[in-house]
Amino acid sequence: MDVPGRSKDVNSEKQVPPQASVTAKSNKLLEFQPPSTPPPPMATIADEDERLLARIGYRQELKREFTKWSTVSYAISILGVLGSVPATFAVPIASGGPATAVWAWFIGSVMAMCIASSVAELVSAYPTAGGMYFVTKHVVPKEHVAIWAWIIGWCNFLGQAAGVASLAYTIAQMILAAVVMNSPSRDGLYTFTPKPFQIVLLAILILCLFGTICSLTTKNLNRIVLWFAPINIAASVGICIALLVLTPDKRSATWVFTEVTDGSGWGSKGFSFLLGFLSVAWTMTDYDGTTHMSEETHDAAIRGPVAIRVAILVSGVVGWMLTITFCFCMSDFDSIMASQTGLPVAQIFLNAGGRAGGTVMWFFVILVQFFTGCSAMLANARMAYAFARDEAFPLSGVWSKVNTVTHTPVNAVWLVVTFCSCLNLIGIGSTQTIVAIFNITAPALDLSYIAVIVAHRVYENTVPFIEGPYTMGRWSRPVNTVAVVWVLFISVVLFFPPVRPITATNMNYAVCVAGVIALVSMTWWFVSAKHKYTGPRTKELLIEIPADDPEDLIRSYSPPQLITP
């Protein structure tokens with residue numbers, strides 16, 4: 001495959017002995033050994049993926065056992081619409097009514113495709129476990145790499161961690177909602193009401209399950225992840241059919257597609273509509289999650305970007321289908337919104353299928369949300385591994401260590417489990433604070449993406465950037481512009497309090513959390529990290545030498561072998 005930025009095979013006029021080997025005798029020189037000399041232990045660059053990773057400057061430490069289909073399945077599962085749409089459906093429907101939920105999802109999905117395509121174009125050139133964080137090194141001037149990489153890296157890591165913690169918390173809420181659905185009722189009310197500490201403890205248990213699965217070998221992860229997307233899509237279609245068949249007194253199409261209300265109290269249907277974007281913004285993010293698996297994926301420079309775009313397309317369509325179906329099934333709007341389960345969609349299932357049927361449908365929602373949590377944990381752990389590999393964490397040597405049994409960064413997995421568990425513990429004392437932390441997920445991730453996109457455009461004439469095999473060509477600049485404008489706009493909206501009048505209970509504390517994170521991160525930078533952290537620390541395997549391209553020399557004989565420095 002001819003990938004832009006890589007040297008092509010050449011037929012040298014000089015015949016090189018078949019058994020010749022290339023050794024790095026010094027940091028500046030490559031030289032041949034006579035055929036009679038047995039080659040010393042060598043690190044073999046077996047395929048194009050490892051060659052590209054070596055050119056970028058990292059050793060191949062993880063095993064590439066993710067296939068084309070598992071990569072696509074992983075990309076779809078990290079969005080997990082069947083789990084995420086029911087979890088967030090209450091926000092747009094309460095803020096602006098059914099038409100807000102329907103059209104906010106449609107518009108948000110189109111904008112998500114612009115952001116995802118922009119991300120895919122950049123990570124195609126540098127497919128590493130660091131994702132967009134690593135790309136930073138190649139889009140800003142050398143003297144600014146450290147501070148840019150520090151900010152982007154921490155935004156990405158913390159945004160993903162908040163997402164993982166929120167997924168575990170949401171799954172715990174869903175499981176307890178199922179308990180409520182099946183508990184005895186008295187005077188029309190269920191006898192069981194979940195307590196905050198029950199939600200938090202169950203969420204921590206779920207995080208430990210995530211960690212156990214993510215500690216498996218890449219081969220086993222590949223086998224598991226293959227099933228995530230098929231189950232997600234099949235269950236979504238099945239649930240939509242069941243709800244439309246079983247729900248009596250469905251709403252009219254006019255009500256579903258045109259009814260916009262001012263449920264937020266801001267005095268404007270237009271602004272209430274904008275607040276409805278929280279659902280799609282929370283669901284359709286973590287676009288570079290797939291790229292964090294690049295060092296475990298075959299043909300990552302192409303398969304990663306393709307999987308990202310396919311995932312947005314499939315998830316956008318399936319999510320829109322679910323949203324429309326839920327709106328049609330809101331026969332008694334007020335009672336569904338006031339459901340004792342705490343989740344309107346759970347009440348919709350209960351109304352349609354009764355306890356048995358509703359519980360079965362709800363089981364698949366929980367299952368898909370669990371898949372999403374595992375995928376998000378996997379991406380966050382690989383980001384932590386990449387960040388620690390560049391000495392950005394305390395005890396980085398511990399977190400960047402690859403387990404000798406599984407050949408995966410198990411320590412980084414349990415670092416994420418521990419950190420996310422600590423975040424969830426906050427929910428015992430303050431529900432408002434934990435919700436604010438969760439709300440920072442989408443803005444933190446999306447802002448980290450567009451910062452790299454903007455840097456690439458600002459410095460494109462001064463910082464050399466070798467494009468990867470996926471590029472949008474002449475559409476790149478306009479799509480980048482749309483993505484940046486949209487993220488800046490919607491991030492402001494998502495920091496607004498969702499309801500007026502504003503009280504201590506309904507205040508959106510996400511902006512406060514963002515401020516604290518920024519203050520702590522930058523204080524740490526100026527006090528300590530500034531003097532130690534240099535950005536992505538690539539381990540140079542191929543050193544440029546005069547006259548000849550080392551890759552041309554390596555490709556001119558078979559098999560290609562390279563000594564580790």
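One is the number of the first residue; the rest follow in order along the sequence. Just so it is clear, the structure is predicted and the values come from calculations on it, not from any experiment.
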Plane angle bin for Phe228 and Phe371 - parallel if under 30°, tilted between 30 and 60°, otherwise perpendicular: parallel

Gln369-Thr170 side chain donor-acceptor pair, cut-off 3.5 Å: no

4.5 Å side-chain heavy-atom contact, Cys155 and Leu445: no

Side-chain (Thr441) to main-chain (Gly163) donor-acceptor, under 3.5 angstrom: yes

The single option from Thr323, Thr88, Thr100 passing side chain to side chain donor-acceptor pair (under 3.5 Å) against Ser279: Thr88

Reported CG-to-CG distance for the pair Leu201 and Leu205, which is rounded to 0.5 angstrom: 9.0 Å

Parallel, tilted or perpendicular, as decided by the 30° and 60° cut-offs, for the rings of Trp362 and Phe349: perpendicular

Arg223 versus Asn220, side-chain donor and acceptor atoms under 3.5 Å: yes

Parallel, tilted or perpendicular: ring planes of Phe273 versus Phe277, cut at 30 and 60 degrees: perpendicular

Phe333 and Trp255 aromatic ring geometry - parallel, tilted or perpendicular at 30°/60° bounds: perpendicular

Exam field: side chain Thr217 to backbone Thr406, donor-acceptor pair closer than 3.5 Å: no

Under 3.5 Å: donor-acceptor pair, side chain of Arg251, backbone of Val256: no

Mutual orientation of the aromatic rings belonging to Phe257 and Trp103 [parallel < 30°, tilted 30-60°, perpendicular > 60°]: tilted

Inter-residue atom distance Thr290.OG1 - Tyr74.OH, 0.5 Å rounding: 6.5 Å

Interatomic spacing from SG in Cys214 to CG in Leu209 - rounded to 0.5 Å: 10.5 Å

Step-by-step side chain to side chain donor-acceptor pair (under 3.5 Å) determination, Ser331 to Asn351: CA-CA 9 Å; Ser331 50; Asn351 293 347; 5.0 Å; no

Inter-residue atom distance Thr325.OG1 - Leu244.CG, 0.5 Å rounding: 4.5 Å

N/O donor-acceptor pair under 3.5 Å between Ser339 side chain and Ile336 backbone: no

Donor-acceptor pair between Thr254 and Ser252 side chains, under 3.5 angstrom: no

Side chain Gln347, main chain Ser335, donor-acceptor under 3.5 Å: no

Sidechain-backbone polar pair: Ser491 side chain, Pro443 backbone, donor-acceptor under 3.5 Å: no

Sidechain-backbone polar pair: Arg309 side chain, Met113 backbone, donor-acceptor under 3.5 Å: no

Ser315 side chain to Ala311 backbone, donor-acceptor under 3.5 Å: yes

Approximate separation, where rounding is to 0.5 Å, of Phe89 CZ and Met337 CE: 7.5 Å

Ser73 side-chain N/O to Ser70 backbone N/O, donor-acceptor pair under 3.5 Å: no

Gap separating the CD1 atom of Ile115 from the CD1 atom of Ile312, nearest 0.5 angstrom: 8.5 Å

Within 6.0 angstrom of Phe106 CZ, more than 12 heavy atoms from elsewhere: no

Asp262 side-chain N/O to Gly267 backbone N/O, donor-acceptor pair under 3.5 Å: yes

Trp414 versus Ser215, side-chain donor and acceptor atoms under 3.5 Å: yes

